[in-house]
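Report on the following structure.
We count ligands from 1, going down the list as the structure has it; atoms in each ligand are counted the same way.
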Amino acid sequence: MSDITRDMADYYRQRAAYYERVYFKPERQEDLRAMEAWLPTQFTGRRVLEVACGTGWWTPHGARDAAQWLATDLNPETLAVARRKALPACVQFAELDAYSFAQIEGQRFDAAFAGCWWSHVPLARLGGWLQALHARLEPGAQVVFLDNSHVQLSSTPISRTDADGNTYQNRTLDDGSVHEVLKNFPTAEDAIARLGPRARDAQWIAHTHYWVLAYTLA
Ligand SMILES: C[S@@+](CC[C@H](N)C(=O)[O-])C[C@H]1O[C@@H](n2cnc3c(N)ncnc32)[C@H](O)[C@@H]1O
């Protein structure tokens with residue numbers, strides 16, 4: 001793992017106990033309810049791999065009508081919060097580094113989901129990461145990403161941009177420590193252009209505080 005991806009994982013490990021405060025911001029509630037209602041429609045009857053599930057905010061919604069749902073994250077601290085939730089019976093958990101799908105070798109999925117993960121993948125790795133994910137998915141698979149829109153910048157501005165075009169934010173944890181976190185804010189055109197040759201029927205939904213990208217794989 002590179003330094004910036006390791007630092008990001010460590011930041012979320014330390015933030016696990018109170019990460020979900022972001023989901024109680026009053027101005028986000030309308031978007032959240034709309035996305036929570038829409039998400040299960042994407043995965044009915046499917047075997048779903050959830051990448052970087054964190055504390056599992058999206059897991060009960062996405063998994064509601066799924067056949068199987070494997071919720072994964074690198075950090076046992078975030079997974080521990082997710083495991084305590086009331087969840088559909090189809091949900092299982094696994095510790096998994098999203099940059100190495102080796103641990104799920106041999107398991108087949110016909111859908112994938114990741115919430116607030118895309119924005120943290122360095123741009124130089126994004127195409128390769130999407131290819132590696134797609135390689136785990138059967139033809140006809142449904143893929144959904146959702147993430148923060150640029151409105152998030154009004155509370156946490158960009159601190160710098162690197163040579164590859166990645167943007168960064170300085171985030172302060174409750175203990176006062178400041179962490180530089182890579183956080184990108186793609187446009188619809190940019191995100192769709194990165195999906196690669198197997199992506200079909202890409203749909204971009206722009207909420208105020210979030211974007212959603214859904215597509216199927218050839
Ligand atoms: C912004 S949080 C998103 C959590 C959740 N999906 C959500 O939308 O609320 C990013 C998550 O990525 C996880 N993470 C960081 N690096 C990872 C990696 N290499 N592999 C898998 N998960 C990772 C962190 O533990 C954290 O839970």
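Neither side chain, Trp204 nor Glu189, offers a donor N or O lying under 3.5 Å from an acceptor on the other.
Remark: Asp201 pairs with no residue by the salt bridge (charged side-chain N to carboxylate O under 4.0 Å, His left out) rule, at least two apart or across chains. Applying the side chain to side chain contact (heavy atoms under 4.5 Å, CB included) rule to Ala9 yields the partners Leu74, Asn75; only residues at least two apart in sequence or on another chain are considered.
Pairs passing the salt bridge (charged side-chain N to carboxylate O under 4.0 Å, His left out) check and including a residue from residues 74-102, sequence neighbours excluded, read Glu20-Lys85.
The 4.0 Å heavy-atom shell around ligand 1 contains residues Met1, Met8, Ala9, Tyr12, Tyr19, Tyr23, Ala52, Cys53, Gly54, Trp58, Asp73, Leu74, Asn75, Thr78, Leu96, Asp97, Ala98, Tyr99, Gly115, Cys116, Trp117, His120, ordered by chain and number.
Trp57 and Phe24 have their aromatic ring centers within a separation under 6.0 angstrom.
Counting heavy atoms from C-beta outward, Phe145 and Val51 have side chains that stay 4.5 Å or more apart.
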